[in-house]
Amino acid sequence: MTAIAELEPVFDPELDLIARCQTGDRQAFEELFTFYRDDVFRFAYLVVRDSTLAQDVVQETFLKVFRSIDKFQFRSSFKSWLYRVAVNEAITLLRRRRIKEELDPAPGTSQEHQRDRVDRAWQPEEAVLDSEERHLLHIAIGRLDPVHRSVIVLKYFHEFSDTEIAAVIGCPPGTVKSRLHRARELLRHHMARQMGRPDLVALSYNRLSAKTSLVPCER
Amino acid sequence: MRVNERTIREVLRSEAARVAPPPDLWERIERELDRDRMRRERRGSRRNLFGFQRVAAAAFAAVCLWFLITPVRPILRQETFFAGSWGDIERTWIAAVWPVTQPDEGRPAVTDLRWSSREISLLR
């Protein structure tokens, strides 16, 4: 008779860290922070496209997480919860900055200027080596709204699955697919405008408006 | 024109590679957490202090009331309530707290619980 091996509980170091954080263990929280810091910072930077704002996003995200970690009930993964907070913080801070700029527009601080500044800083070496397509794509990603940009970053940078993205943004996986599709269409649209291709702009516009005709407009 | 997913990945990775989190980010978060802890401690001590203040205020009020009542004590002792009324119970209570050894002149002492003939006739 085959001996049935006793199942031993699997020790998950992350769950152990979270449990220690819930008792107020500051060192455990520092370990958790160190583990996720770089990824969350890069996510924040790719969404808000500003290093200083990204630091604020990361700081607020981890503060919120630590302040409410005792309410975390392990129903979802900690990673989904952390990124959900990060997405919300990024959108909130971007909105706040936009309102501030609208109320008190200072030269060189608008999002348009910010994008251009990022673009100009990005250009020197990369523009020489990279294709025009990448450059246009870089600009087009900057022109996306924060929600679509978040989805693109989670999918293509962090390699989250549709299910994981759904857990982060709080919607069904089907909605994630349609958001990704729409985000790609928006990228195509922005790139076509950059390239000065009105036929492609019209084509992407038609797709975005969900019209049936897929024939490009004649020049 | 197709938007190449591989290209999207490469663009995002090259962008992310240009930045790094500042080294003092944890210190900043720790400072905020310390501030939270101090705020919580202050709130807690304020609650205890309030409890102590309550007790101290109540004790102070009791002492003030004592000093207010003390001059009135003789008046209370002499006060004649309507015979047979519940007010007499107050006289008995006050007399029990502040016993009077010598009756006031011409009047029965409050500790004198013998009923007068008038009171008896009222009862009848």
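Just so we're clear, the structure is a prediction, and the values are computed from it rather than from any experiment. Reminder, nothing fancy here: chain letters follow the sequence lines and each chain counts from 1.
- Look at B:Arg13 and A:Glu159 and you find a salt bridge, because one of the NZ, NE, NH1 or NH2 atoms lies within 4.0 Å of a carboxylate O, short of that distance.
- Remark: B:Glu32 CD to A:Gln59 CD distance equals 6.0 Å, nearest 0.5 Å.
- Residues A:Arg26 and B:Asp34 have side chains in contact (heavy-atom distance under 4.5 Å, counting atoms from C-beta outward).
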> Under the salt bridge (charged side-chain N to carboxylate O under 4.0 Å, His left out) criterion, do A:Arg42 and B:Glu15 qualify, and how do the steps go?
Replying inline: CA-CA 9 Å; A:Arg42 288 194 192 105; B:Glu15 246 188 84; over 6 Å; no
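- When heavy atoms are compared at a cutoff of 4.5 Å, A:Phe41 approaches chain B solely by way of its side chain, counted from C-beta outward.
- Between A:Phe33 and B:Leu25 the shortest side-chain heavy-atom distance falls below 4.5 Å.
- Taking every heavy atom of both residues into account, A:Ile152 and B:Ile8 meet most closely at CG2-CG2, 4.0 Å.
- Between A:Leu154 atom CG and B:Leu12 atom CG the span is 10.5 Å, to the nearest 0.5 Å.
- Contact check for B:Pro21 versus A:Val58: no side-chain heavy atoms found under the 4.5 Å cut-off.
- Of the atoms belonging to B:Glu30, heavy atoms from both backbone and side chain fall under 4.5 Å from chain A.
- Neither the backbone nor the side chain of B:Arg31 comes within contact range of chain A; no heavy atom of the residue lies under 4.5 Å from a heavy atom of that chain.
- In A:Arg95, the CZ atom is not crowded: 12 or fewer heavy atoms of neighbouring residues, nucleotides or ligands sit closer than 6.0 Å.
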>> Assess the residue pair B:Trp26 and A:Thr34 against the criterion (side-chain contact (heavy atoms from CB on, under 4.5 Å)); give the C-alpha distance rounded to whole Å, side-chain angles, the decisive distance to 0.1 Å, and a yes or no.
In response: CA-CA 8 Å; B:Trp26 172 247; A:Thr34 307; over 6 Å; no
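- If you tally non-hydrogen atom pairs under 4.5 Å between each of A:Arg37, A:Arg67, A:Glu60 and chain B, the highest count goes to A:Arg67.
- Looking at heavy atoms from C-beta onward, B:Leu33 lies in side-chain contact with A:Phe29 at the 4.5 angstrom threshold.
- Side-chain contact between A:Gln55 and B:Pro22 is present, with heavy atoms from C-beta onward closer than 4.5 Å.
- Counting all heavy atoms, side chain and backbone alike, B:Arg28 lies closest to A:Asp56 at NH1-OD1, 4.5 Å.
- Neither the backbone nor the side chain of B:Ala17 comes within less than 4.5 Å of any heavy atom in chain A.
- Within the 4.5 Å cutoff, the side chain of B:Asn4 has heavy atoms near those of the A:Glu133 side chain.
- Taking a 6.0 Å sphere around CZ of B:Phe60, one finds it holds 12 or fewer heavy atoms contributed by other residues, nucleotides or ligands.
- With a 4.5 angstrom heavy-atom cutoff, A:Phe43 does not touch chain B via any of its atoms.
- Closest non-hydrogen pair, A:Tyr156 versus B:Arg9, comes out as O-CG, 3.1 Å.
- The parts of A:Val153 that come within reach of chain B are both its backbone and its side chain, each placing non-hydrogen atoms under 4.5 angstrom from that chain.
- Looking at A:Lys155 and B:Glu5, their side chains never come closer than 4.5 Å, going by heavy atoms from C-beta outward.
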